[in-house]
Amino acid sequence: MTRTPLRPLARILEARRRGENPDAIERENLRIRHEQLRDRARMRAESRLLVLGAVFFLAFLTIGVRMGVIAQSSPEEPRAQAGGASIVASRADIVDRRGRILATNMETHSLYAHPHQMVEPVRAAKELAAIFPDLDEERMVKDFTDPKRKFLWVRKKISPEQMQLVHDIGEPGLLFGPREMRLYPNGTLAAHVLGGSSFGREGVDSAEVIGTAGIERFFDDQLRDPAREGAPLELSLDLSVQAATERVLQSGMMLMNAKGAASVLMDVDTGEVIAIASLPDFDPNDRPRPPTKGRPSDSPLFNRAVQGVYELGSTFKIFAAAQAMDMGLVTPQTVIDTSPPFSVSGFRIGEFDGHNYGKQTVEGIIVNSSNRGTGKLALAIGPQRQQEFLRSMGFFDATGLEIVEAQGGKPLVPSRWTDLSTVTISYGHGLSASPLHLATGYATIANGGHLVKPTLLKQAAPVQGPRVMSEATAAAARSMLRKVVTEGTASFGEVPGYKVGGKTGTADKPKENGGGYYEDKVITTFATMFPADDPRYVLVVTLDEPVETSGPKPRRTAGWTAVPVAAEMIGRIAPLLGLRPEYDLPEVAQLTMVRAEGE
């Protein structure tokens, strides 16, 4: 850059010659230089402002484009990187088939202590013991006054009322942490299905709710999945039907002096479990601890409907008759001599109370519940084919119901399937299965011969499984089961307005040490379907050690115990299921018109 001097000599000399002031030239040059500097500074500032404006424009343009992309994309749950932020506290609701709440979440608080911040730890311990009687005051005093303790959980869950009482203590070392807890608003209703929950990973500001049993544990990952966006888990249960079922079963268990009871109600076309109960039960809001001694079946946590495997007695006889008919070996009217003696492998096959039914049709064998007649049908079928049939009906595997307890309910089958096993299994001894297995088998007969898979999830449409028997065989078996109620051992099973078909089963209860059977303890079962002419539902009721004492001597058979309970249950739940009663009205032989006086 060429620098112009402020006092150029040539101009000064010329100015002096003309008599002008040379200082004016310096001032003029200084003014021009300042204007040039000012112009250059203005240009630099304008350039910088232009660049800054362009930067801001591009930044806002980028943000706008990004917001547009996000608005058009699917929502995605942000992934927290911090270890403490990884606790997922939310959990989806569980509802019945009509959307009614079975399990939900409730906001609550935890109570913890910072002993080093406490002003009056002894008084605080005394006040807390008054609010929470289950807390040990001496233990709290020891913990609160321990200089090494910096943190201490007092209660993992407290109610709003308890929170206010603790707040009123006025102790700065007692602090509250927000969290969600699992709430089962119906108490013990469907307890064995829901199972229960507890806290997993915990922090003072949140806690992870995890399933501990039942469907809560089976679907734990799904219920905690943020991608579900809070969508509830919809079960096949009907809350109203479940409540009526449990109420009747509880009354029946008490009336029949039983130590336990179970029932299963299943849709025969979809396999949906509409109601399932096991007694005694528990409250999942305060789930008891598993027993450390004694038999598991004595605990209220034991689910008799799916975990309990029992010899189900004469309810199995219809399977032998159905298989023999399906193989073409017999028809319902084929006559079989059930007269004694009848021995297999040196073991004498007898009848209940020493009956001799003589010559009976296959239908009569089922109606009268003949052991000898069923055993002869089984021998005609053969051990191998009997195994194949029962396997196809699901009696060799766990049911696969969507609760963790069902995994342990695998049937007990003989290690060696002899001719004697074939005979005894045909009338329900020698093979142990759960009431849910039995309900699945009877649903196969009820729906025309298709195997169904039991499920606790609501189904949108019928699920047709593989065909196990012909439709004609299933229809003949249903006719036999109807006659068991109208003419046979289940006469107490008739329900006014609803045609019922079913089969009774009374099995001696085995001793715990494996040393034979009790003489005065039985497991009684009534497996039934209704309406019998076009079955829509199967109901199985099982009682553990029942005894009916209204007569001159104790009565323990299913006809006196399980059947009346099931009949009362059907009468209660059928209207809730939308089944209208049908009554057979007598025909009017003649109508006589009478004119009223005065007409």
Side-chain angles (χ1 to χ4, degrees), residues 244-265 275-281 297-298 302 304-305 308-318 351-353 355 366-369 371 427-429 432-436 438-439 442 481 484-495 498 500-510 517-530 538-573:
T245 297
E246 292 189 15
R247 190 173 298 115
V248 173
L249 191 65
Q250 177 70 43
S251 299
M253 185 179 79
M254 296 175 62
L255 187 64
M256 300 301 171
N257 306 291
K259 66 176 294 185
S263 72
V264 178
L265 177 68
I276 183 169
S278 174
L279 296 176
D281 57 8
S297 60
D298 292 335
F302 186 76
R304 297 171 183 270
V309 289
Y310 311 104
E311 292 182 342
L312 295 170
S314 297
T315 57
F316 261 56
K317 289 177 180 175
I318 194 63
E351 303 280 17
F352 176 72
D353 259 2
H355 283 296
I366 298 300
V367 171
N368 294 305
S369 197
N371 293 342
Y427 55 81
H429 288 74
S432 298
S434 70
L436 183 60
L438 189 63
Y442 270 67
L481 294 174
V484 172
V485 175
T486 58
E487 304 175 12
T489 58
S491 58
F492 290 153
E494 191 73 302
V495 180
Y498 299 98
V500 176
K503 184 71 186 76
T504 56
T506 304
D508 294 331
K509 187 172 183 179
Y517 294 84
Y518 289 105
E519 294 183 359
D520 58 350
K521 295 181 181 181
V522 295
I523 303 287
T524 64
T525 303
F526 185 43
T528 178
M529 56 187 67
F530 61 97
V538 158
L539 173 67
V540 173
V541 173
T542 299
L543 300 178
D544 187 359
E545 298 183 18
V547 53
E548 199 278 327
T549 57
S550 64
K553 61 179 182 179
R555 292 173 287 209
R556 296 182 172 86
T557 61
W560 285 98
T561 57
V563 172
V565 176
E568 177 67 19
M569 197 176 292
I570 293 173
R572 296 279 190 93
I573 66 177

For Glu548 and Leu255: C-alpha separation, side-chain torsions, deciding distance, then whether side-chain contact (heavy atoms from CB on, under 4.5 Å) applies.
CA-CA 8 Å; Glu548 199 278 327; Leu255 187 64; over 6 Å; no
Taking all non-hydrogen atoms of both residues into account, name the closest pair between Thr542 and Pro435 and its distance.
OG1-CG, 3.7 Å
Which atom pair, heavy atoms only, marks the closest approach of Val538 to Ala439?
CG1-O, 3.7 Å
Name of the residue among Thr528, Val484, Val563 meeting side chain to side chain contact (heavy atoms under 4.5 Å, CB included) with Val500:
Thr528
Using 0.5 Å steps for rounding, measure from the OH atom of Tyr517 to the CD atom of Glu311.
3.5 Å
Shortest non-hydrogen contact from Ala258 to Leu543?
CB-CB, 4.3 Å
With side chains defined as the heavy atoms from C-beta onward, is the minimum distance between Ser263 and Arg304 less than 4.5 Å?
no
Asn368 CG to Phe352 CZ distance, which is reported to the nearest 0.5 Å:
13.0 Å
So, taking the atom named CD1 in Ile573 and the one named CZ in Arg247, what distance separates them when rounded to the nearest 0.5 Å?
12.5 Å
Nearest atoms (heavy-atom pairs only) where Ala277 meets Ala305
O-CB, 3.9 Å
Do the non-hydrogen side-chain atoms of Thr315 and Tyr442 ever get within less than 4.5 Å of each other?
yes
Of all the heavy-atom pairs spanning Ala566 and Leu539, show the shortest one and how long it is.
O-CD2, 3.9 Å
Do Met569 and Leu249 touch side chain to side chain, with heavy atoms closer than 4.5 Å?
yes
With rounding to the nearest 0.5 angstrom, report the OG1 to CG distance, Thr245 to Leu265.
6.0 Å
With rounding to the nearest 0.5 angstrom, report the CZ to OG1 distance, Arg556 to Thr549.
10.0 Å
Say you draw a straight line from CD of Glu246 to CD1 of Ile276; how long is it, rounded to the nearest 0.5 Å?
10.5 Å
Less than 4.5 Å apart, any side-chain heavy atom of Phe316 and any of Leu438?
yes
Donor-acceptor pairs under 3.5 Å, side chain of residues 503-510 to any protein atom, not counting sequence neighbours: which ones?
{"unit_1": "Lys503", "atom_1": "NZ", "unit_2": "Ser369", "atom_2": "OG", "d": "3.0"}
{"unit_1": "Thr504", "atom_1": "OG1", "unit_2": "Thr489", "atom_2": "OG1", "d": "2.8"}
{"unit_1": "Thr506", "atom_1": "OG1", "unit_2": "Ala558", "atom_2": "N", "d": "2.8"}
{"unit_1": "Lys509", "atom_1": "NZ", "unit_2": "Asp544", "atom_2": "OD1", "d": "2.9"}
{"unit_1": "Lys509", "atom_1": "NZ", "unit_2": "Asp544", "atom_2": "OD2", "d": "3.4"}
{"unit_1": "Lys509", "atom_1": "NZ", "unit_2": "Glu545", "atom_2": "OE2", "d": "2.6"}

Phe526 side chain reached by Pro564 side chain, heavy atoms, under 4.5 Å
no
Any side-chain heavy atom of Trp560 within less than 4.5 Å of one from Thr524?
no
At their closest point, which heavy atom of Arg555 faces which heavy atom of Ser550, and how far apart are they?
NH2-OG, 3.2 Å
